[in-house]
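Structure record follows, encoded as structure tokens.
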Amino acid sequence: MKEAASTTIRQIYRQPGEYYDKKVSLSGWIRNNRNSKAFGFIELNDGSFFKTLQIVFESENLENFKDIAKLGVGTAILVEGVLVETPNARQPFEIKASSIQVEGSSPSEYPLQKKRHSFEFLRTIAHLRPRTNTFSAVFRVRSLLSYAIHQFFREREFVYVHTPIITGSDAEGAGEMFHVTTLDLKNAPLTEKGEIDFSKDFFGRETNLTVSGQLTAEAYALAFRNVYTFGPTFRAENSNTARHAAEFWMIEPEMAFADLQDDMELAEDMVKYIFEYVLQHAPEEMEFFNSFIDKGLLERLENVITSEFGRITYTEAVEILMKNNDNFSYKVEWGIDLQTEHERYLTEEIFKKPVFVINYPKEIKAFYMRLNDDNKTVAAMDLLVPGIGEIIGGSQREERLDFLDQRIQELGMKEEDYWWYRDLRKYGGTRHAGFGLGFERAIMYMTGMSNIRDVIPFPRTPNSAEF
RNA sequence: UCCUCAGUAGCUCAAUGGCAGAGCAUUCGGCUGUUAACCGAAGGGUUACUGGUUCGAGUCCAGUCUGGGGAGCCA
């Protein structure tokens, strides 16, 4: 067996001058193989780069020409040859092969073809779909976007906090939770009341998968000033939509000595920064999305990066929306939660760019959001973007213990469940603020992909956890 | 969970209630510069499942399952 090649197709595309008329050795997978009697062409993808490199093979140079000509899509091969310029052809250069060896064959039942497949079909072969153009582009962008987020916060000296995945708090309040247990479900210990006795469970109490790292991130913000979390999040909601998954990733920055204005500035800076980063570092992938997935994509992203995001209060938004009530299936009035149709009208028709809606009625928002002086609204903000709707939700947190306790009481929650969260207010509490960005929603917005199942390698949704 | 649409060859899709089809893929053959190459031939079907209407059902009806889209919940 020959050694695997040291040259990558990415290196060749980035600096072709270094390789012209020189012998290189490559390794990769066949995307397409077409040939006639005495010569043939292989489109080779080696995983390092979005585009393929064309390999020319001829019967006079290859003693195994007939075998190579029969190789199917997906075959893993080792190639040696010289890189030559092809100024008159569709591709800029190609390899004239002197040797091609098979490392791993790919029989004829290989499900991927050199044609367009539906995303629905590709979801059923999630282990093979990263070998297609679209998913190759999606998951390289996902990786770059992840890196951009870390780089953004590191440049601003934020501390990266690993908040727990398994939480002992059943009070995070952001949605239905997955239980974590080692109890035997068929024979669980019971209390005298006949309920499951979690004191016998692994942790000696009831535990769940986290639905948000926010509450614990607040604890670290009140020590490090500026922190962020970036990790998996779990919601057991029976949500069957293109925008929801049971397992997804979330970015949650939290800043001490910061108010809602600071929060919005951070969100706007972050969105612009990470989008710009990906545009710079994955130009081929972004060009592909713009051509084949979403024709207006690059223009829209450019609009996000260059425009100043709109800002409007909930009350002002309701006034605007009420003028258009005839066209909504859910009529707008002060106090209702905005529906997707309302959010999209605001960002797509009124502002035509991303817009923050702030100061929502306290009744429709979480208990920890800071009460405004009007006693009716809280210092919350949602960032709405064209095409998606809500992509970020955040708020200034209630730092006044007496106000927080009052909300806990009003909502029928128990103070003792929040003993440590209340401590944060008791000892050196400061104004502080943060937000949550759905990582997959950011990817969807960046790529134009319209289903969250197509931006997660192996997505988990109700009734679906294959692989 | 609700509404809605769909399920036919490996894939993408046709077929007025009347013989089960095409393109791609696969196999074989041809072709001296291809670009999802091209040309010729062959193989490939429990029409998602169960029941019903009918002389006759892929097509109509009922139920079930699976998937898509929309809504709610939200990120």
Side-chain angles (χ1 to χ4, degrees), chain A residues 31-43 51-60 65 69-70 72-74 84 86 88-92 94 96 106-125 128 132-133 173-176 210-214 232-252 267 292 328-330 337-341 343-344 364-366 382-385 388-394 435-445 450-456 461-464 466:
Chain A
R31 283 284 181 85
N32 189 1
N33 183 3
R34 50 183 180 270
N35 49 73
S36 46
K37 195 174 181 180
F39 62 92
F41 305 91
I42 287 173
E43 300 287 344
K51 292 183 174 175
T52 57
L53 182 55
Q54 176 161 287
I55 312 294
V56 189
F57 60 102
E58 296 165 305
S59 59
E60 58 187 29
F65 175 84
K70 282 181 183 172
V73 176
V84 295
T86 53
N88 298 321
R90 193 178 297 182
Q91 73 286 351
E94 66 190 16
K96 283 227 184 278
S106 180
S108 62
E109 61 266 26
Y110 185 61
L112 291 174
Q113 299 167 20
K114 49 186 179 185
K115 59 164 273 189
R116 190 182 169 77
H117 291 287
S118 67
F119 291 150
E120 289 88 342
F121 170 67
L122 291 170
R123 277 173 215 150
T124 68
I125 50 169
L128 299 176
T132 64
N133 282 335
E176 292 294 313
T210 183
V211 292
S212 164
Q214 181 201 313
T233 309
F234 307 88
R235 303 271 169 94
E237 299 285 355
N238 188 15
S239 295
N240 257 302
T241 83
R243 296 191 304 281
H244 291 85
E247 176 181 321
F248 63 100
W249 284 57
M250 196 151 57
I251 296 100
E252 294 176 291
F292 294 104
F328 294 133
S329 47
Y330 284 86
D337 208 354
L338 298 182
Q339 310 290 312
T340 301
E341 60 176 335
E343 293 180 344
R344 293 187 63 166
I364 59 174
K365 288 294 183 183
D382 283 356
L383 177 62
L384 313 179
V385 295
I388 300 271
E390 184 185 341
I391 192 170
I392 283 177
F435 63 81
L437 166 71
F439 184 49
E440 283 77 12
R441 292 200 181 164
I443 301 170
M444 290 166 72
Y445 193 49
S450 56
N451 196 312
I452 197 168
R453 300 172 184 93
D454 297 327
V455 300
I456 298 176
T461 53
N463 260 319
S464 173
E466 188 70 56

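Just so it is clear, the model here is predicted, and its values are computed rather than measured. Chain A is the first sequence line, chain B the second, and so forth, proteins listed ahead of strands; every chain is numbered from 1.
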Identify each donor-acceptor pair in which a side-chain atom of residues 109-116 of chain A lies under 3.5 Å from a protein atom, sequence neighbours left out, and give them as a table.
| unit_1 | atom_1 | unit_2 | atom_2 | d |
| --- | --- | --- | --- | --- |
| A:Tyr110 | OH | A:Arg131 | NH1 | 3.2 |
| A:Lys114 | NZ | A:Asn32 | OD1 | 3.2 |

Closest to side chain of A:Lys37, choosing from B:rU34, B:rU26, B:rU32: B:rU32

Any A:Arg34 side-chain N or O less than 4.0 Å from OP1/OP2 of B:rC31: no

Short side-chain N/O contact to B:rU12 OP1/OP2 from A:Ser118, under 4.0 Å: yes

A:Gln113 side chain, from C-beta outward: closest of B:rC31, B:rC11, B:rU1: B:rC11

First of A:Gly436 and A:Glu58 reached from the 5' end of RNA chain B, by closest nucleotide: A:Glu58

Sugar-phosphate, base or nothing in reach of A:Gln91, heavy atoms under 4.0 Å: base

A:Leu383 CG - B:rC74 P separation (whole Å): 17 Å

Heavy-atom donor-acceptor pair, A:Thr461 side chain to A:Ala245 backbone, under 3.5 Å: no

Contact list (N/O, under 3.5 angstrom) for nucleotides 38-48 of chain B vs protein:
none

Phosphate-side-chain proximity, A:Thr340 and B:rG72, N/O vs OP1/OP2 below 4.0 Å: yes

For A:Phe439, ring-ring contact (aromatic ring centres under 6.0 Å, His included) partners two or more places apart: A:Phe230

Sugar-phosphate only, base, or nothing, as touched by A:Glu94 at under 4.0 Å among non-hydrogen atoms: base

Sugar-phosphate, base or nothing in reach of A:Glu341, heavy atoms under 4.0 Å: nothing

Consecutive Watson-Crick or G-U pairs in runs of at least 3, all under 3.5 Å, in which RNA chain B is involved: B:1-7 with B:65-71, B:10-13 with B:21-24, B:26-30 with B:38-42, B:48-52 with B:60-64

Euclidean distance, atom CD of residue A:Glu466 to atom P of B:rG67 [Å, nearest integer]: 11 Å

CD-CD distance between A:Glu176 and A:Glu237, expressed to the nearest 0.5 angstrom: 5.5 Å

Sugar-phosphate, base or nothing in reach of A:Phe121, heavy atoms under 4.0 Å: sugar-phosphate

Plane angle bin for A:His117 and A:Phe121 - parallel if under 30°, tilted between 30 and 60°, otherwise perpendicular: tilted

Sugar-phosphate, base or nothing in reach of A:Arg116, heavy atoms under 4.0 Å: base

Sugar-phosphate, base or nothing in reach of A:His244, heavy atoms under 4.0 Å: base

Nearest-Å distance for atom pair OH/C1', residues A:Tyr110 and B:rU26: 15 Å

P spacing across the pair B:rG69 / B:rU12, given as an integer number of angstrom: 15 Å

OP1 or OP2 of B:rA36 under 4.0 Å from side-chain N/O of A:Lys115: no

Closest to side chain of A:Arg453, choosing from B:rC73, B:rU12, B:rG68: B:rG68

C1' spacing across the pair B:rU53 / B:rA57, given as an integer number of angstrom: 10 Å

Distance-only donor-acceptor test, A:Ser239 side-chain atoms vs B:rC73 base atoms, 3.5 Å: yes

P spacing across the pair B:rC55 / B:rU64, given as an integer number of angstrom: 28 Å

Of the listed nucleotides B:rC11, B:rU27, B:rG33, the one nearest the side chain of A:Lys96: B:rG33

Nucleotide B:rU34, atom P - distance to CZ of A:Arg31 in whole Å: 23 Å

All ring-ring contact (aromatic ring centres under 6.0 Å, His included) counterparts of A:Phe119, not counting sequence neighbours: A:Phe135

Donor-acceptor under 3.5 Å (A:Thr210 side chain, A:Ser212 main chain): yes

Atom pair distance, as rounded to whole Å: CG in A:Asp454 and C1' in B:rG69: 14 Å

C1' spacing across the pair B:rG56 / B:rG18, given as an integer number of angstrom: 7 Å

Nearest-angstrom distance, C1' atom, B:rA6 to B:rC13: 13 Å

Set of residues satisfying side-chain hydrogen bond (donor to acceptor under 3.5 Å, both in side chains) with respect to A:Thr132, sequence neighbours excluded: none

Any protein N or O atoms within reach of nucleotides 2-6 of chain B? Criterion: under 3.5 Å, listing atom names and distances.
none

Residues that A:Asp382 engages under side-chain hydrogen bond (donor to acceptor under 3.5 Å, both in side chains), provided they are two or more places apart: A:Tyr360, A:Lys365

Results of side-chain hydrogen bond (donor to acceptor under 3.5 Å, both in side chains) for A:Ser108 - residues two or more places apart only: none

Separation of atom CD1 in A:Ile452 from atom C1' in B:rG69, rounded to whole Å: 16 Å

Whole-Å gap separating P (B:rU27) and CG (A:Asn33): 11 Å

Residue list, side-chain hydrogen bond (donor to acceptor under 3.5 Å, both in side chains) with A:Gln339, at least two apart or on another chain: none

P-based separation of B:rU8 from B:rG68 [nearest Å]: 15 Å

Sugar-phosphate only, base, or nothing, as touched by A:Ala245 at under 4.0 Å among non-hydrogen atoms: base

Test salt bridge (charged side-chain N to carboxylate O under 4.0 Å, His left out) applied to A:Glu440 and A:Arg243, step by step: CA-CA 8 Å; A:Glu440 283 77 12; A:Arg243 296 191 304 281; over 6 Å; no

Residue list, ring-ring contact (aromatic ring centres under 6.0 Å, His included) with A:Phe234, at least two apart or on another chain: none

A:Lys114, nearest nucleotide to its side chain (from B:rA36, B:rG68, B:rC74): B:rA36

Pairing residues for A:Phe65 by the ring-ring contact (aromatic ring centres under 6.0 Å, His included) criterion, not counting sequence neighbours: A:Phe57

Touch class at under 4.0 angstrom, heavy-atom based, for A:Ile391 against every strand present: sugar-phosphate

Separation of B:rA71 P from A:Asn238 CG (nearest whole Å): 16 Å

Among B:rG67, B:rC31, B:rU34, the nucleotide that comes nearest once only the side chain of A:Ser36 is considered: B:rC31

B:rA15 versus B:rU47 - spacing of their C1' atoms, nearest Å: 11 Å

Minimal non-hydrogen separation, A:Ile392 against A:Ala267, with atom names: CD1-CB, 4.0 Å

Given RNA chain B, 5'-ward residue of the pair A:Asn451 and A:Glu390, judged by closest heavy atom: A:Asn451

